[in-house]
Amino acid sequence: MSIKNLSIVFLTVVLAVLVINNTVFFYSTKNSLVTNMESELFTVSQQIQLSIDHVEYSYETTDRLMSDSLKKVAIAARNSLPARYEEITNEKLLQLSRLYHVSNITLFARQGNDIISVRSSEPKELNMNTREWGNYHTALSQLLNGELVTVPEGTASQNFWTGKLSGSASNPDSPKNKFAYYYDGTTNYIINPMINSSALQELDSSGGTELIVEETLKNNSRLLEITGFNPRTFSKPDDDPSFYTYTNQSRNLRYSERKILFGQYTKKSPEDIAFIEKAVSSNKPVSYTTKIDDRNVLKMFYPVKSEKVQFPYVIGLVTDMEHIHESLNKQLFNFFLIILLVSLASFLLIVSLYKAINRSKDSIAQTIQDNYTNEMNNLMVAIKGQNHDFANHLTTISCMVQLKKFDETKKYIHELVEETRLVNEMVHVGHPALASLISSKLTQSFMRKIHFTYDLDHLGGDLESISGLKSVDIVKILGNLIDNAFDEVSHLDVEKREVHLACQLKENHLIFHISNTTAEPISEDTLNAMFKSGYSTKTSGNHKGLGLAIVSQLVQRYKGSISVQVPEINKIQFTVILPIDS
């Protein structure tokens with residue numbers, strides 16, 4: 001092969017090696033950047049979920065307080081009204097609604113095969129039929145029949161039921177309302193006090209989900225949008241009948257069926273529906289890159305299944321990728337510059353080879369090899385240096401994003417690590433709902449400085465294989481008893497705050513023992529009165545006297561038993577026995 005041909009081959013090989021190396025490095029760098037961004041979005045999603053869980057916990061507490069308050073209003077109204085609605089005026093109900101500080105009060109009565117609103121402090125609420133109200137109609141019928149309401153949503157007690165937050169049939173502009181219904185059999189009507197959106201939105205503005213979204217966007221400059229998707233309804237067309245209720249020929253949007261649960265949804269893509277469904281089906285975060293408004297963005301969809309929310313939801317995050325593309329374009333420019341310089345150096349090398357043709361072939365070959373080796377070494381050193389610097393930049397950016405508020409962030413990370421440690425202790429329990437409840441109570445006990453212990457060694461087997469008990473009812477029973485124990489020991493000195501939970505499976509029965517220390521010995525009269533509705537040792541609060549009564553009703557529903565003992569002085573123990581099908 002001639003020197004000319006050999007030079008061409010040499011130059012081609014050098015350029016090919018450079019192009020392949022730079023191409024591989026370019027795409028590996030791009031993938032690394034995208035992976036780091038996905039990791040950051042995953043962390044942000046977890047923080048949002050944790051914050052929303054805390055908000056939902058606050059909502060649950062507020063919801064219980066509102067339910068108790070509305071029941072008291074209904075009972076007070078019953079004591080102020082005649083037994084027949086025909087003797088009651090709408091003006092009287094308006095006076096009572098103002099007196100008791102509720103949005104309005106409506107009376108419902110059975111007429112034929114329907115239940116109609118016959119009196120109301122709000123004119124728009126009059127003459128509404130409830131046939132197409134679904135669970136609400138069922139609940140009203142059960143109340144009028146003197147039965148305990150058994151619909152799966154809301155809160156039920158004797159003569160009383162209140163639903164989840166819902167839209168208003170008479171006022172579509174009020175999407176979040178709290179309705180309560182009371183009927184004790186002494187009247188020919190159901191009393192319906194309610195609180196509308198204007199009162200409930202004060203909670204959102206002071207610390208609700210929208211505030212979490214706003215603060216998260218403010219603290220993450222590259223985050224363009226946060227959206228809470230309802231995967232049950234997002235793929236349905238906007239005019240789907242399941243989105244609406246119909247009352248007196250009026251169509252009203254159902255609050256629980258809305259597509260967007262929180263945040264904004266302006267960064268739309270056709271692929272969103274498929275990725276949301278994929279996230280839900282796989283129960284894992286999924287992401288993809290696309291272009292919106294001439295900007296390169298990364299979209300992530302993070303599925304959330306939490307005991308604190310009624311339905312699963314998906315957190316959608318959209319982040320700007322322009323800075324990545326700018327970095328990659330700059331890197332690509334550097335690559336081409338390196339190729340140009342190496343090509344020029346190679347050309348000069350070839351010229352020098354032609355000038356040295358009369359020299360010894362071995363000497364020429366050695367010179368070529370030395371020059372080639374030096375050039376390649378210099379090139380690789382330059383590339384490694386750029387890679388090292390770029391990695392440092394990524395580390396610095398990540399730290400800046402997560403440590404904008406130094407002291408608060410350190411404290412928060414410390415608390416988060418402690419909570420994570422507590423949660424990890426539950427991974428071997430074998431029953432997701434029970435594990436989640438105990439994990440939650442461990443976190444609460446840590447925050448409230450309570451020594452909470454548990455013994456699950458006698459459960460054995462896989463609790464998921466048992467049947468006959470709803471997980472939600474197990475959580476209600478244990479949750480109420482543990483909360484009561486926490487409240488009781490909170491009044492004691494820190495070193496005396498002890499709560500213990502023991503669980504066991506025995507002869508097709510699931511048995512729970514919940515014990516706690518007390519400030520003073522428990523009397524026999526107190527033990528006998530504990531399960532009566534309305535009884536409580538608490539001297540303040542709007543929810544006293546209902547927890548143990550609710551627990552007792554749930555246990556009786558499963559034909560189980562609940563008892564209370566005093567195993568030793570200044571200690572009390574509740575025992576719950578529930579039959580199961582193994």
Side-chain angles (χ1 to χ4, degrees), residues 59-60 63-64 66-71 73-74 77-78 85 93 97 102-185 187-197 199-200 230 232-233 240-258 309-311 472:
Y59 279 167
E60 286 183 7
D63 187 81
R64 288 195 298 269
M66 285 193 297
S67 297
D68 294 340
S69 177
L70 288 172
K71 183 174 183 179
V73 169
R78 168 64 194 94
Y85 71 82
L93 295 179
S97 67
V102 294
S103 301
N104 53 273
I105 299 176
T106 301
L107 306 182
F108 285 85
R110 195 188 299 277
Q111 293 187 359
N113 62 351
D114 199 356
I115 301 174
I116 307 295
S117 56
V118 292
R119 297 288 187 274
S120 179
S121 60
E122 169 55 55
K124 293 181 180 179
E125 292 278 326
L126 288 170
N127 301 317
M128 293 189 301
N129 60 68
T130 65
R131 280 194 305 271
E132 299 181 2
W133 285 13
N135 283 341
Y136 275 73
H137 182 78
T138 301
L140 295 181
S141 298
Q142 290 178 331
L143 281 175
L144 287 173
N145 292 336
E147 303 170 358
L148 183 69
V149 176
T150 59
V151 299
E153 62 183 29
T155 302
S157 63
Q158 189 66 36
N159 303 328
F160 181 76
W161 180 76
T162 178
K164 294 285 188 180
L165 294 182
S166 65
S168 170
S170 63
N171 184 10
D173 295 328
S174 183
K176 298 172 69 174
N177 306 272
K178 186 68 175 177
F179 296 96
Y181 302 90
Y182 179 84
Y183 177 75
D184 62 3
T187 64
N188 66 346
Y189 55 85
I190 295 174
I191 302 175
N192 164 222
M194 62 89 71
I195 301 173
N196 63 20
S197 288
L200 295 171
N230 185 345
R232 297 180 302 106
T233 60
D240 190 287
S242 64
F243 288 167
Y244 305 94
T245 59
Y246 298 85
T247 304
N248 297 347
Q249 309 304 318
S250 174
R251 189 176 78 166
N252 304 283
L253 182 65
R254 298 175 64 188
Y255 180 73
S256 62
E257 303 303 304
R258 65 198 190 282
V309 294
Q310 186 177 7
F311 302 109
V472 66

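Basis for what follows: all heavy atoms, side chains included, without hydrogens, waters or symmetry-related copies.
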Student: Just so I know, are the side chains of Thr130 and Tyr136 near enough to count as touching, which here means a heavy-atom distance under 4.5 Å?
Tutor: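 Not in contact.
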
Student: What is the minimum heavy-atom distance between Ile191 and Ala74, and which atoms define it?
Tutor: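 Heavy-atom minimum between the residues: CD1-O, 3.6 Å.
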
Student: For Asn127, does its backbone N or O pair with a side-chain atom of Ser117 as donor and acceptor, under 3.5 Å?
Tutor: yes

Student: Heavy atoms only: give me the nearest Asp114-His137 pair and the separation to one decimal.
Tutor: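 Minimum heavy-atom separation between Asp114 and His137: OD1-CE1, 3.9 Å.
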
Student: When you measure from the side chain of Ser67 to the backbone N and O of Thr162, does any donor-acceptor pair fall under 3.5 Å?
Tutor: no

Student: State, with a plain yes or no, whether a side-chain heavy atom of Leu93 is found less than 4.5 Å away from one of Thr106.
Tutor: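 A side-chain contact is absent here, since even the closest heavy-atom pair is not under 4.5 Å.
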
Student: Looking at side-chain heavy atoms only, is the closest gap between Pro152 and Asn135 below 4.5 Å?
Tutor: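 Yes, at least one pair of side-chain atoms sits under 4.5 Å.
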
Student: Can you confirm whether Ile195 sits close enough to Asn177 that some side-chain heavy atom of one is under 4.5 Å from a side-chain heavy atom of the other?
Tutor: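 SC-SC contact between Ile195 and Asn177 ruled out.
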
Student: Where do Val149 and Trp161 come nearest, in terms of heavy atoms and distance?
Tutor: CG1-CD1, 3.4 Å

Student: When rounded to the nearest 0.5 angstrom, what distance separates CD1 in Ile190 from OH in Tyr181?
Tutor: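 Nearest 0.5 Å value for the CD1-OH distance: 8.5 Å.
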
Student: Ignoring hydrogens and geometry, is there a side-chain-to-backbone donor-acceptor pair from Asn104 to Ser97 under 3.5 Å?
Tutor: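 Between the backbone of Ser97 and the side chain of Asn104 there is no qualifying donor-acceptor contact (under 3.5 Å).
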
Student: Is there side-chain contact between Met66 and Thr155, with heavy atoms separated by less than 4.5 Å?
Tutor: no

Student: Locate the shortest heavy-atom distance separating Thr187 from Arg78; write the atom from each residue and the value.
Tutor: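 Closest heavy-atom pair between Thr187 and Arg78: CG2-NE, 3.0 Å.
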
Student: Is there side-chain contact between Tyr183 and Gln142, with at least one heavy-atom pair below 4.5 Å?
Tutor: no

Student: Quick check for you: to the nearest 0.5 Å, what is the distance between Tyr182 atom OH and Leu70 atom CG?
Tutor: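 That separation rounds to 13.5 Å.
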
Student: If you take all heavy atoms of Gly163 and Lys178, which pair is closest and at what distance?
Tutor: O-NZ, 2.8 Å

Student: In Å, rounded to the nearest 0.5 Å, how long is the span from CD of Glu147 to CD of Gln158?
Tutor: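 It comes to 11.0 Å.
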
Student: Supply the atom-to-atom distance Leu143 CG to Thr138 OG1, rounded to the nearest 0.5 angstrom.
Tutor: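 It is 11.0 Å, given to the nearest 0.5 Å.
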
Student: Supply the atom-to-atom distance Met194 CE to Glu122 CD, rounded to the nearest 0.5 angstrom.
Tutor: 9.0 Å

Student: Nearest 0.5 Å, what's the CZ-CD1 distance between Arg119 and Ile105?
Tutor: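 That separation rounds to 14.5 Å.
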
